[in-house]
Amino acid sequence: MAGTGDRGTAPEAYDATPYLPSRGGLPAHREAAAECRGCPLHRDATGTVFGRGAPHARLMLVGEQPGDQEDREGVPFVGPAGRLLHRALEEAGIDEEDLYVTNAVKHFKFARDEARGRRVHKTPTVREARACRPWLMAELRLVSPELVVALGATAGRALLGPSFRVGTDRGVPRPLPDAEDGTRVLATVHPSAVLRAPDRQEMYAGLVADLRTAADSL
């Protein structure tokens with residue numbers, strides 16, 4: 001049956017739901033996600049980058065999408081932004097062995113910079129993020145964390161709705177909408193925004209402070 005409205009004429013084109021397994025835990029979902037064709041981003045990406053970490057972590061981190069290095073390695077947060085995040089987590093006193101880390105969008109969206117021979121990050125559209133949301137919701141259900149840290153605007157909107165704004169909604173734990181297990185969300189900036197910021201030290205200090213708030217709230 002053809003879809004309507006924002007989902008377009010073919011539901012399989014912008015909806016990951018048909019690719020989710022009907023049962024099974026994180027390994028089954030990770031395997032199924034590798035075959036996801038729920039939006040056009042899979043066509044150019046190297047592969048699906050699913051979440052990783054403790055299967056019943058109390059704290060989950062959600063970023064935007066894989067970057068160039070994450071796409072090549074198939075693991076979230078292993079590039080420059082990931083290295084900055086690792087340092088911030090250590091300064092905040094958070095043990096990464098107890099985390100689950102994922103992204104709102106599981107494929108790398110990019111434009112090719114032929115002059116420099118590199119792939120340049122492009123922000124996922126609302127439609128693309130919405131198509132991928134079933135994977136994120138499945139991860140939340142399976143891990144059932146006490147607290148989710150939303151890193152940046154795309155993650156924040158995927159979790160808290162389209163009205164989310166990093167500048168006004170960050171740093172304060174709040175209930176995750178429709179969560180039946182009491183999961184809360186705390187929003188902060190994405191590490192890649194810190195790398196791009198002219199006031200990098202100040203923004204980095206804010207990221208660490210937000211992560212300390214997350215640690216203290218558990």
Side-chain angles (χ1 to χ4, degrees), residues 15-39 41-42 45-86 88-89 94-109 121 123-124 128-160 176 178-179 181 183-188 190-192 211 214-215 218:
D15 184 5
T17 302
Y19 299 91
L20 269 70
S22 59
R23 59 184 180 181
L26 288 170
H29 283 71
R30 183 176 291 106
E31 182 178 355
E35 304 301 324
C36 185
R37 304 293 183 266
C39 83
L41 294 184
H42 74 88
T46 303
T48 306
V49 181
F50 202 71
R52 64 176 173 87
H56 300 291
R58 297 175 65 199
L59 180 62
M60 178 186 286
L61 305 184
V62 179
E64 179 191 82
Q65 66 163 352
D68 180 79
Q69 192 167 335
E70 288 83 359
D71 174 65
R72 297 178 192 278
E73 297 187 24
V75 181
F77 287 103
V78 293
R83 291 191 288 274
L84 184 143
L85 178 61
H86 299 325
L89 287 167
I94 295 174
D95 185 351
E96 293 194 53
E97 294 296 320
D98 299 327
L99 294 179
Y100 185 88
V101 183
T102 192
N103 282 299
V105 174
K106 311 302 188 195
H107 287 109
F108 179 35
K109 182 177 182 178
H121 162 276
T123 301
E128 290 158 350
R130 186 181 301 152
C132 207
R133 193 171 184 267
W135 291 117
L136 178 60
M137 293 300 101
E139 289 174 295
L140 283 165
R141 174 178 57 82
L142 292 166
V143 178
S144 190
E146 293 180 27
L147 182 69
V148 182
V149 173
L151 300 166
T154 298
R157 289 172 190 146
L159 293 164
L160 296 170
L176 177 66
D178 302 322
D181 55 3
T183 299
R184 295 167 297 154
V185 180
L186 182 146
T188 188
H190 195 284
S192 63
L211 290 173
L218 292 173

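Since the model is a prediction, treat every value here as computed from it, not as a measurement.
Atoms CD and CZ, on Glu70 and Phe108 in that order, are 8.5 Å from each other to the nearest 0.5 Å. Here the CG atom belonging to Asp98 is positioned 9.0 Å from the CG atom belonging to Leu59, to the nearest 0.5 angstrom. Here Thr102 contributes atom OG1 and Arg30 contributes atom CZ; the two are 9.0 Å apart, rounded to the nearest 0.5 Å. Taken to the nearest 0.5 Å, the CE atom of Met137 stands 11.5 Å off from the OG1 atom of Thr17. Put simply, CZ on Arg37 and OG1 on Thr48 are 7.0 Å apart, with the number rounded to the nearest 0.5 Å. The OG1 atom of Thr154 lies 10.0 Å from the NZ atom of Lys109; values are rounded to the nearest 0.5 Å.
Taking both residues in full, the closest heavy atoms of Leu140 and Met60 are given as CD2-SD, 3.6 Å, listed atom of the first, atom of the second, then distance. Closest non-hydrogen pair, Ala54 versus Val143, comes out as O-CG1, 4.3 Å. Summarising the geometry of Ala158 relative to Leu136, their closest heavy-atom pair is CB-CD2, 4.0 Å, with the distance given to 0.1 Å.
Counting heavy atoms from C-beta on, the side chains of Leu89 and Asp95 never come closer than 4.5 Å. Using a 4.5 Å heavy-atom cutoff, the side chains of Ile94 and Leu211 are in contact. In this structure the side chain of Leu147 never reaches within 4.5 angstrom of the side chain of Thr183, judged on heavy atoms. A 4.5 Å side-chain heavy-atom check between Leu176 and Leu159 finds at least one atom pair inside the cut-off. Looking only at side-chain heavy atoms (C-beta outward), Leu151 and Ser192 stay at 4.5 Å or farther from each other.
When only modelled atom types and interatomic distance are considered, Ser144 and His56 share no side-chain donor-acceptor pair under 3.5 Å.
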Go through the steps for Val148 and Leu186 under the test side-chain contact (heavy atoms from CB on, under 4.5 Å), then give the verdict.
-> CA-CA 6 Å; Val148 182; Leu186 182 146; over 6 Å; no

Gln69/Arg83 under side-chain contact (heavy atoms from CB on, under 4.5 Å): CA gap, chis, key distance, verdict | CA-CA 12 Å; Gln69 192 167 335; Arg83 291 191 288 274; 3.9 Å; yes

side-chain hydrogen bond (donor to acceptor under 3.5 Å, both in side chains) between Gln65 and His121, worked out = CA-CA 9 Å; Gln65 66 163 352; His121 162 276; 3.1 Å; yes

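His107 and Phe50 have their aromatic ring centers separated by at least 6.0 angstrom.
For Glu73, the CD atom is densely surrounded, since the number of other residues' heavy atoms within 6.0 Å is greater than 12. Around the CG atom of Asp178, the shell of radius 6.0 Å holds no more than 12 heavy atoms that belong to other residues, nucleotides or ligands.
With respect to Lys106 and Glu139, a salt bridge is recorded, a charged nitrogen being found less than 4.0 Å from a carboxylate O. For the pair Glu146 and Arg184, the salt-bridge criterion is not met [side-chain N within less than 4.0 Å of a carboxylate O].
A donor-acceptor contact shorter than 3.5 Å links the side chain of Asp71 to the backbone of Thr46.
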